[in-house]
Structure formats: C-alpha cells, structure tokens
Amino acid sequence: VIITKVNLVDEQSVNKIKECISIYLPQLKNKTYLARAKTVLNFSKENPVWVFCGLAHPQSLIDDLKIQGYKIAHQQFYPDHHAYSENEQRSILTDFRAALKSNENLKLVCTQKDFVKLTNEELKIYVNLTEHSFEMPNDQKEDLFAKIRKSL
C-alpha cells in the first residue's frame, strides 16, 4: 500500500490511515509506504498563477502549489473528467486575458489531464502544464522494489 500526498495532510491523518490498515488488513502492516506529492511548473515562483482544472480533489493541487511557494491569483474548478465546452474555453481565455492586462507575469496553468480536452488553440497557447510525481524516501523505495522483485 502506498499512501500518497502525505505532505498535504497532517501527520495525525496519515497515522489514522496506517492504523486502519493495521486493523483491517494486518497482513499489509509492514507493506505500507509513504509518498509525497510534487507538482512541478516550469516557471518562477514569482509569477502569480491562474489555475483551472477538472479533478476529483482540486484543492490538493492548489495546496501543493502553495506549499511550494506559488501564489495563486485565481482558481477555477470543474467536475472531475470535465469535458470543456467551446464556450467555457472562450470564457477562460477572455477572463485570463483581462487579468493579464493587470499583471503581465500571470501564468495560466492546468493539468495534462485537462489540457488534452482543450480544443481552443488560442487558449492552449497560454497554458502551462503541471507535471506530477510522487517522491518516496530512498530506503522505502528500495524496500518496496525488493518486495516487488521478490514477488515476481
């Protein structure tokens, strides 16, 4: 079991999950690993960020960016797996361009999951994509890989 996004919640929440695993799945007690979420943007943290996304838990994306020092100027959430209509895309573009007039350093950001659903080529020009990964301490990573190799 890999518990992800542990850097976005308090330690007590992580411990509750581990406790539930110990109680309900005792055979996995020593097979539980912790991974930190990491969202990477390819521009300076000095640039304010305008985020739009259709995720199940969009606040975790915002929290991760804030923890890293990004300043969120605007956030616009849609339902998970949202199919962006042409009107919604035009609206995002219009609103972003208006905000850009007030701050030329503003960056428009969405996830790769959202970007593939965009059809408005003008909007896509402005979009900066997030890159997501999970980081795990090397000792946990090596232990996990050893267990995987052993089970193969």
Side-chain angles (χ1 to χ4, degrees), residues 1-18 20-21 28 31-145 147-149 152:
V1 176
I2 301 174
I3 303 170
T4 61
K5 301 181 183 179
V6 296
N7 56 315
L8 303 180
V9 296
D10 58 76
E11 189 175 343
Q12 184 179 9
S13 297
V14 174
N15 288 336
K16 281 183 182 179
I17 294 169
K18 289 167 69 175
C20 285
I21 291 168
L28 297 177
K31 297 177 182 175
T32 303
Y33 302 89
L34 306 179
R36 300 172 54 88
K38 177 138 184 172
T39 303
V40 177
L41 294 172
N42 292 320
F43 55 79
S44 170
K45 291 177 183 166
E46 298 302 314
N47 294 92
V49 179
W50 174 296
V51 179
F52 72 95
C53 61
L55 302 173
H57 302 284
Q59 192 60 48
S60 65
L61 171 63
I62 299 299
D63 292 345
D64 188 16
L65 293 173
K66 284 181 178 178
I67 286 168
Q68 292 185 59
Y70 288 98
K71 294 160 191 70
I72 308 302
H74 178 81
Q75 59 193 38
Q76 196 164 346
F77 300 148
Y78 296 89
D80 196 18
H81 302 287
H82 186 65
Y84 295 91
S85 70
E86 188 56 40
N87 284 341
E88 288 170 325
Q89 293 178 64
R90 275 195 301 271
S91 178
I92 292 168
L93 179 60
T94 300
D95 293 347
F96 176 72
R97 282 180 171 163
L100 198 54
K101 289 177 183 174
S102 300
N103 188 338
E104 63 185 29
N105 294 319
L106 188 63
K107 298 289 186 182
L108 183 63
V109 170
C110 77
T111 67
Q112 293 171 349
K113 174 183 170 183
D114 294 292
F115 187 79
V116 298
K117 298 173 186 171
L118 300 179
T119 57
N120 185 309
E121 295 301 320
E122 282 185 84
L123 175 60
K124 290 164 74 171
I125 290 169
Y126 288 101
V127 172
N128 293 273
L129 295 177
T130 59
E131 294 177 28
H132 302 278
S133 64
F134 289 102
E135 298 175 339
M136 186 182 292
N138 282 337
D139 60 328
Q140 285 195 29
K141 193 183 313 182
E142 289 304 316
D143 186 54
L144 174 61
F145 289 154
K147 286 179 177 157
I148 291 171
R149 283 190 289 275
L152 296 176

key: Identified ring-ring contact (aromatic ring centres under 6.0 Å, His included) partner of Phe52 from the options Tyr84, Phe96, Phe77   = Tyr84
Result of checking Ile72, Val49, Val127 against Val109 for side chain to side chain contact (heavy atoms under 4.5 Å, CB included) = Val49
task = Give every residue pair that meets the side chain to side chain donor-acceptor pair (under 3.5 Å) criterion with at least one member in residues 92-105, sequence neighbours excluded.
result = Arg97-Glu122, Arg97-Tyr126
ask   = Is there a donor-acceptor pair under 3.5 Å between the side chain of Asp114 and the backbone N or O of Cys53?
value = no
ask   = Backbone N or O of Leu106 within a donor-acceptor pair of the Asn47 side chain at under 3.5 Å?
value = no
message = Please evaluate residues Gln68 and Thr39 with respect to the criterion side-chain hydrogen bond (donor to acceptor under 3.5 Å, both in side chains), reporting the C-alpha separation (whole Å), side-chain torsions for both, the decisive distance (0.1 Å), and the verdict.
response = CA-CA 9 Å; Gln68 292 185 59; Thr39 303; 4.8 Å; no
note = side-chain contact (heavy atoms from CB on, under 4.5 Å) filter on Ser60, not counting sequence neighbours, yields Lys5, Leu8, His57
query = For Ser85, what residues pass the side chain to side chain donor-acceptor pair (under 3.5 Å) criterion, not counting sequence neighbours?
reply = Glu88
request  = Return the set of residues passing side-chain contact (heavy atoms from CB on, under 4.5 Å) with Ile17 (not counting sequence neighbours), or none when no residue passes.
outcome  = Ile3, Ile21
query = Is any side-chain heavy atom of Thr130 less than 4.5 Å from a side-chain heavy atom of Leu41?
reply = yes
inquiry  = Can you list everything that forms a side chain to side chain donor-acceptor pair (under 3.5 Å) with Gln59? Sequence neighbours excluded, please.
reply    = Asp63
ask   = Is there side-chain contact between Leu108 and Leu100, with heavy atoms separated by less than 4.5 Å?
value = no
key: Any residue meeting side chain to side chain donor-acceptor pair (under 3.5 Å) with Asp10, in chain and number order, not counting sequence neighbours   = Ser13
Listed partners of Arg90 passing salt bridge (Lys or Arg N to Asp or Glu O under 4.0 Å), at least two apart = Glu86
remark   = So the salt bridge (Lys or Arg N to Asp or Glu O under 4.0 Å) pairs with at least one residue in residues 43-58 (sequence neighbours excluded) are none
request  = Please examine the side chains of Leu28 and Lys31, heavy atoms only from C-beta on, and report whether any two atoms are closer than 4.5 Å.
outcome  = yes
With sequence neighbours excluded, residues passing side-chain contact (heavy atoms from CB on, under 4.5 Å) with His81 = Lys113, Lys117
Considering only distance and modelled atom types, tabulate donor-acceptor pairs under 3.5 Å from the side chains of residues 133-144, sequence neighbours left out.
{"residue": "Gln140", "atom": "OE1", "partner": "Leu34", "partner atom": "N", "Å": "2.8"}
{"residue": "Asp143", "atom": "OD2", "partner": "Tyr33", "partner atom": "OH", "Å": "2.8"}
{"residue": "Asp143", "atom": "OD2", "partner": "Lys147", "partner atom": "NZ", "Å": "3.1"}

task = For Tyr70, enumerate each residue passing the side chain to side chain donor-acceptor pair (under 3.5 Å) test, keeping only those at least two apart in sequence or located in another chain.
result = none
task = Check side-chain contact (heavy atoms from CB on, under 4.5 Å) between Glu121 and all other residues, then give those that pass, not counting sequence neighbours.
result = Lys124
